[in-house]
Visitor: 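Got a structure for you, questions after.
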Amino acid sequence: MRILITGSSGQIGTNLALRLSRDGYDVFGVDKRLNTWTDEFRYLLQDLSGHYPSFPGGIGGVEYPEVDLVVHLAAHAKVHQLVRQPHRALENAIMTFNVLEYCRQQKLPIVFSSSREVYGDVHRFSTQEGQADFAFTESTYSASKIAGEALIYSYARCYGLPYLVFRFSNVYGRYDNDLARMVRVIPLFIHTMLRDEPVTVFGAEKTLDFTYVDDCVDGIVRGIERLLAGRVVNETINLAYGQGNTLVRAAQLIAGAVGAEPKITLAPPLLGEVTHYVADTSKARQLLGYEPAVPLEEGISRAVQWFREHRELHPERDDDSFIPEMVAMNAELARPAGAVADHS
Ligand SMILES: NC(=O)c1ccc[n+]([C@@H]2O[C@H](COP(=O)([O-])OP(=O)(O)OC[C@H]3O[C@@H](n4cnc5c(N)ncnc54)[C@H](O)[C@@H]3O)[C@@H](O)[C@H]2O)c1
């Protein structure tokens, strides 16, 4: 079977493409950036956010190889970036529209990468798929994922397009330490603690469902198999580990894994952030036989090991020129007092 992956140079895209290739799938990627991690699969460099007039054969008149299914991961994937640059949210929606038009014309099923952000900052014990209430839109990033999901559902209704929507949550591990491009909290904390420097946790109580990348990819592959076979179609599914951990605990685990004293500064959460989310994963377990296997302690230890090995091979990436910019950005995003929504 042949799979097209958009966003194939990103963290999930790279891990997924390598896993699918190993499983015998023929993988073709599309991304606007070079893949700096591997050259083990073919991909095309293309910006998918253009207003393209034609789609047959490939987006923007470019001929893609024939495929059987599309996994659409390409997006501006950082909440804070989209709060600062809201036009990127529109680009996310345009990318999804372009990919959907291509799928419609080629009659291809689509797997879409949504996010737990669509639930808003809902302080529930754990969150089921049907509980998304799109009135609670915390950020322009959430809005772009809600828009993406809405487009998918409308294409299913109007044109019979088969889909699976996955809602991911804090995916961490291999191929996520390109810090200058995208500052994600787990690799940032590993980077900082390896230097024995303090980290700032925005939100003392912030509780998130951290998902080791192999669990996430395993769920996607299970979905692809079932969607191709027509066994699981038109479903929206949480893919996460299914357990809440505070960010403070994650920071402490990282300190333990790197062998440093945890130096943690607490600050209020930033504008647009979800501060509490735990996924109900029963639907993924039931429909996909999904069994996440890597709890946070184990995942952090693997992430730290991978990080160290990668930095040894690429010492030039041990750079923190991006940190002053990040500090300025966070100051800009500080939540005004009283802006923490209570959706309980
Ligand atoms: N990693 C997570 O924790 C997480 C959580 C929820 C949802 N998601 C979603 O999953 C998907 C994959 O996430 P990721 O962590 O691999 O992100 P990533 O940023 O590592 O990868 C996204 C890729 O999309 C590409 N891209 C962006 N704009 C593009 C454009 N105009 N044209 C072509 N390519 C473009 C980027 O170059 C990048 O390689 C994203 O849609 C993201 O929003 C991720």
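Note that these values count all heavy atoms, side chains included, but never hydrogens, waters or copies made by symmetry. All residue numbers refer to positions in the sequence shown, counting from 1. Keep in mind the model is a prediction, meaning the values are calculated, not measured. In listed order, ligands and their atoms are each counted from 1.
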Visitor: Is it true that Tyr175 lies under 4.0 Å from ligand 1, counting heavy atoms only?
Guide: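 Outside the 4.0 Å threshold, so no.
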Visitor: For Ala74, counting its heavy atoms only, list the atoms of ligand 1 lying under 4.0 Å from any of them.
Guide: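 Within the 4.0 Å cut-off of Ala74, ligand 1 contributes 24 (O), 34 (N), 35 (C).
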Visitor: Going by heavy-atom distance to atom 27 (C) of ligand 1, choose the closest among Ala240, Ala75, Ser169.
Guide: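 Residue with the shortest heavy-atom distance to the ligand atom: Ala75.
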Visitor: Indicate the ring-plane relationship of Trp37 and Tyr175, choosing parallel, tilted or perpendicular according to the 30° and 60° boundaries.
Guide: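 Tilted: the ring planes of Trp37 and Tyr175 meet at 30° to 60°.
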Visitor: Looking only at distances, please establish whether an N/O atom of ligand 1 is found under 3.5 Å from an N/O atom of Arg116.
Guide: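 In this structure, Arg116 places no N or O atom under 3.5 Å from an N or O of ligand 1.
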Visitor: Ignoring hydrogens and geometry, is there a side-chain-to-backbone donor-acceptor pair from Thr137 to Ala143 under 3.5 Å?
Guide: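 Looks like no, no N/O pair under 3.5 Å.
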Visitor: Could you tell me which atoms of ligand 1, counted from 1 in the order shown, lie closer than 4.0 angstrom to a heavy atom of Gly10?
Guide: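 With Gly10 as reference, the close atoms of ligand 1 come out as 16 (O), 18 (P), 20 (O), 21 (O), 39 (O).
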Visitor: Backbone N or O of Lys32 within a donor-acceptor pair of the Asp47 side chain at under 3.5 Å?
Guide: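 Checked: no pair found.
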Visitor: Taking both backbone and side-chain atoms of Val171, is any N or O found less than 3.5 Å from an N or O belonging to ligand 1?
Guide: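 Yes - when backbone and side-chain N and O of Val171 are compared with those of ligand 1, one distance drops under 3.5 Å.
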Visitor: In plain terms, say whether Glu149 and Arg167 are close enough for a salt bridge, that is, a side-chain N and a carboxylate O under 4.0 Å apart.
Guide: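 A salt bridge is present here (some side-chain N lies under 4.0 Å from a carboxylate O).
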Visitor: Ligand 1 and Ala77, any nitrogen or oxygen pair closer than 3.5 angstrom?
Guide: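 There is no such contact.
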Visitor: Mind listing the closest non-hydrogen atom pair of Asn238 and Ala284 along with its distance?
Guide: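 Nearest pair, atom of Asn238 first, then Ala284: O-CB, 3.5 Å.
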Visitor: According to a 4.5 Å side-chain heavy-atom criterion applied to Ile, Leu, Val, Met, Phe, Trp and Tyr, with indirect links allowed, do Ile5 and Phe55 form part of one hydrophobic cluster?
Guide: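 No; tracing contacts between hydrophobic side chains, which count when under 4.5 Å, never links both residues.
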Visitor: Can you list the ligand 1 atoms lying under 4.0 Å from a non-hydrogen atom of Asp47?
Guide: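 This gives 30 (C), 31 (N), 32 (N) as the contact atoms.
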Visitor: Identify, by atom number and element, the atoms of ligand 1 in contact range of Ser49, meaning under 4.0 Å from any of its heavy atoms.
Guide: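 With Ser49 as reference, the close atoms of ligand 1 come out as 31 (N).
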Visitor: Considering only NZ, NE, NH1 and NH2 on the basic side and carboxylate oxygens on the acidic side, decide whether Arg249 and Glu297 come within less than 4.0 Å.
Guide: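 Answer for the salt bridge query: yes.
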Visitor: Numbering the atoms of ligand 1 from 1, which are under 4.0 Å from a heavy atom of Lys145?
Guide: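 Counting from 1, the qualifying ligand atoms are 40 (C), 41 (O), 42 (C), 43 (O).
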Visitor: Please state which part of Ser8 comes within less than 4.0 Å of ligand 1, counting heavy atoms only: side chain, backbone, both or neither.
Guide: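 Neither part.
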Visitor: When only distance counts, is His76 in polar contact with ligand 1, meaning an N/O pair under 3.5 Å?
Guide: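 Not met; the criterion fails.
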Visitor: With a cut-off of 4.0 Å, which atoms of ligand 1 are near a heavy atom of Ser115?
Guide: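 Per the distance check, 6 (C), 7 (C).
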Visitor: Please confirm whether His72 approaches ligand 1 to less than 4.0 Å, judged on its heavy atoms.
Guide: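 No, that is not the case, since the closest heavy atom of the residue is not under 4.0 Å from the ligand.
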Visitor: Nearest non-hydrogen atom to atom 11 (C) of ligand 1 belongs to which of Thr6, Leu239, Leu73, Val185?
Guide: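 Ranked by closest heavy atom to atom 11 (C) of ligand 1, first place is Leu73.
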Visitor: Distance under 4.0 Å to a non-hydrogen atom of Ser114: what atoms of ligand 1 satisfy this?
Guide: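 It comes down to these atoms of ligand 1: 6 (C), 7 (C).
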Visitor: Counting only heavy atoms not in His87 (residues, nucleotides, ligands), do more than 12 fall under 6.0 Å from its NE2?
Guide: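 Count over threshold, so yes.
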Visitor: Tell me if the CD atom of Gln252 is crowded by more than 12 foreign heavy atoms within 6.0 Å.
Guide: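 Atom CD in Gln252 is crowded, with more than 12 foreign heavy atoms closer than 6.0 Å.
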Visitor: Heavy atoms only: which of Arg167, Gln46, Glu117, Met95 lies closest to atom 28 (N) of ligand 1?
Guide: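 It is Met95 whose heavy atom sits nearest to atom 28 (N) of ligand 1.
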Visitor: Heavy-atom pairs closer than 4.0 Å: do any link ligand 1 to the side chain of Asn170, the backbone, both, or neither?
Guide: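 Backbone only.
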Visitor: Pick one: which of Tyr102, Phe112, Phe97, Tyr155 meets ring pair (Phe, Tyr, Trp, His ring centres under 6.0 Å) with His72?
Guide: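 Between His72 and the candidates, ring pair (Phe, Tyr, Trp, His ring centres under 6.0 Å) is satisfied uniquely by Phe112.
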Visitor: Are the aromatic ring centres of Tyr212 and Tyr241 under 6.0 angstrom apart?
Guide: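 Between Tyr212 and Tyr241, the centre distance exceeds or equals 6.0 Å.
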Visitor: State the atoms of ligand 1, each with its element, that fall below the 4.0 Å cut-off from a heavy-atom position in Ser9.
Guide: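 Those of ligand 1 that fall under 4.0 Å from Ser9 are 39 (O).
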Visitor: Give a yes or no on whether the backbone of Ala293 and the side-chain of Asp215 come within a donor-acceptor separation of less than 3.5 Å.
Guide: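 Yes, the answer is positive, given that a donor and an acceptor are paired below the 3.5 Å cut-off.
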Visitor: Below 4.0 Å, non-hydrogen atoms only: which portion of Tyr141 touches ligand 1? Side chain, backbone, both or neither.
Guide: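 Looking at Tyr141 and ligand 1, just side chain atoms fall under 4.0 Å.
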Visitor: Does ligand 1 have any atom that is closer than 4.0 Å to a heavy atom of Glu91?
Guide: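 Contact check Glu91 vs ligand 1: negative.
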Visitor: What do you reckon, is CD of Glu309 surrounded by more than 12 foreign heavy atoms closer than 6.0 Å?
Guide: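 Yes, enclosed.
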